[in-house]
Amino acid sequence: GLLSLCRCRLFSACLPALLCSLLLRCSFLVTSDHGNSDDMVQREKKTNKPLMDEDSGKPLPLTSHTLAPVPVYIGGKGLPDNVVMRDDLPDAGLANITATYINLLGLQAPKLYKDSLITTE
């Protein structure tokens, strides 16, 4: 609820300064599993009104993940100029992040991992 919203706003306010600092020192990858912060309650399909718990009268929490896209930012001074985001992974998601981190470290991800989000030109 309110605490999650406050955390999201705080992080959003701090992120630009953090990225500026990282840009000058190293490469970085920033993403998030948004945890339904875009909508945290169950809703009626037709009216979009929150569904309420009969006992407490409070909105029912949304515990499944939404399908909202989650951005990924990769950059920084330590990132080689020839590294680019891939555009051939239409179903890319959080499962691709581990291989991407491994590649950013200059290593080859194991074949059993989902494909990396980056490649070199």
Side-chain angles (χ1 to χ4, degrees):
L2 182 58
L3 183 57
S4 292
L5 179 62
C6 290
R7 287 177 180 153
C8 288
R9 287 186 176 164
L10 177 62
F11 180 77
S12 294
C14 295
L15 188 58
L18 175 64
L19 290 179
C20 285
S21 177
L22 289 173
L23 279 170
L24 300 174
R25 294 183 174 88
C26 56
S27 59
F28 63 85
L29 184 152
V30 177
T31 191
S32 173
D33 177 0
H34 52 79
N36 298 342
S37 62
D38 54 325
D39 194 357
M40 299 176 65
V41 299
Q42 296 180 39
R43 298 189 176 275
E44 293 180 17
K45 300 254 187 249
K46 291 184 179 181
T47 65
N48 205 33
K49 290 182 181 177
L51 294 174
M52 306 305 272
D53 182 277
E54 291 179 13
D55 295 328
S56 69
K58 294 180 179 180
L60 290 171
L62 182 65
T63 57
S64 62
H65 282 274
T66 65
L67 300 177
V70 178
V72 175
Y73 301 98
I74 298 174
K77 188 175 182 178
L79 189 68
D81 291 336
N82 65 339
V83 172
V84 295
M85 294 292 287
R86 293 177 58 175
D87 59 6
D88 62 340
L89 299 172
D91 296 324
L94 291 174
N96 301 87
I97 297 296
T98 302
T100 306
Y101 273 124
I102 291 171
N103 290 162
L104 286 171
L105 292 171
L107 304 170
Q108 195 68 17
K111 294 205 183 287
L112 62 98
Y113 283 37
K114 294 283 186 178
D115 291 332
S116 173
L117 298 173
I118 59 173
T119 189
T120 54
E121 293 184 324

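Just the heavy atoms: all of them, side chains too, but no hydrogens, waters or symmetry mates, feed the values below. Note that the structure is predicted; figures quoted are calculated from it, not measured.
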According to a 4.5 Å side-chain heavy-atom criterion applied to Ile, Leu, Val, Met, Phe, Trp and Tyr, with indirect links allowed, do [X] and [Y] form part of one hydrophobic cluster?
{"X": "L107", "Y": "Y113", "result": "yes"}
{"X": "I74", "Y": "V84", "result": "no"}
{"X": "M40", "Y": "M52", "result": "no"}

Give the minimum heavy-atom separation between S116 and L89, together with the two atoms involved.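 Closest approach of S116 to L89: O-CD1, 3.3 Å.
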State the [atom1]-[atom2] distance between [X] and [Y], to the nearest 0.5 angstrom.
{"X": "E121", "Y": "D81", "atom1": "CD", "atom2": "CG", "value": "10.0 Å"}
{"X": "Y73", "Y": "T31", "atom1": "OH", "atom2": "OG1", "value": "9.0 Å"}
{"X": "R43", "Y": "K49", "atom1": "CZ", "atom2": "NZ", "value": "11.5 Å"}
{"X": "T63", "Y": "Q42", "atom1": "OG1", "atom2": "CD", "value": "6.5 Å"}
{"X": "L60", "Y": "D53", "atom1": "CG", "atom2": "CG", "value": "5.5 Å"}

With a 4.5 Å limit on heavy-atom distance, are the side chains of [X] and [Y] in contact?
{"X": "I97", "Y": "Y101", "answer": "yes"}
{"X": "V83", "Y": "T120", "answer": "yes"}
{"X": "I102", "Y": "Q108", "answer": "no"}
{"X": "M85", "Y": "I118", "answer": "yes"}

So for atom CD, which belongs to E54, do other residues, nucleotides or ligands contribute more than 12 heavy atoms lying within a distance under 6.0 Å?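 Count not over threshold, so no.
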Answer yes or no: is there a donor N or O on one side and an acceptor on the other, between the side chain of T100 and the main chain of L117, under 3.5 Å?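 Checked: pair present.
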Pair N103, T119 - check side chain to side chain contact (heavy atoms under 4.5 Å, CB included), show working. CA-CA 9 Å; N103 290 162; T119 189; over 6 Å; no
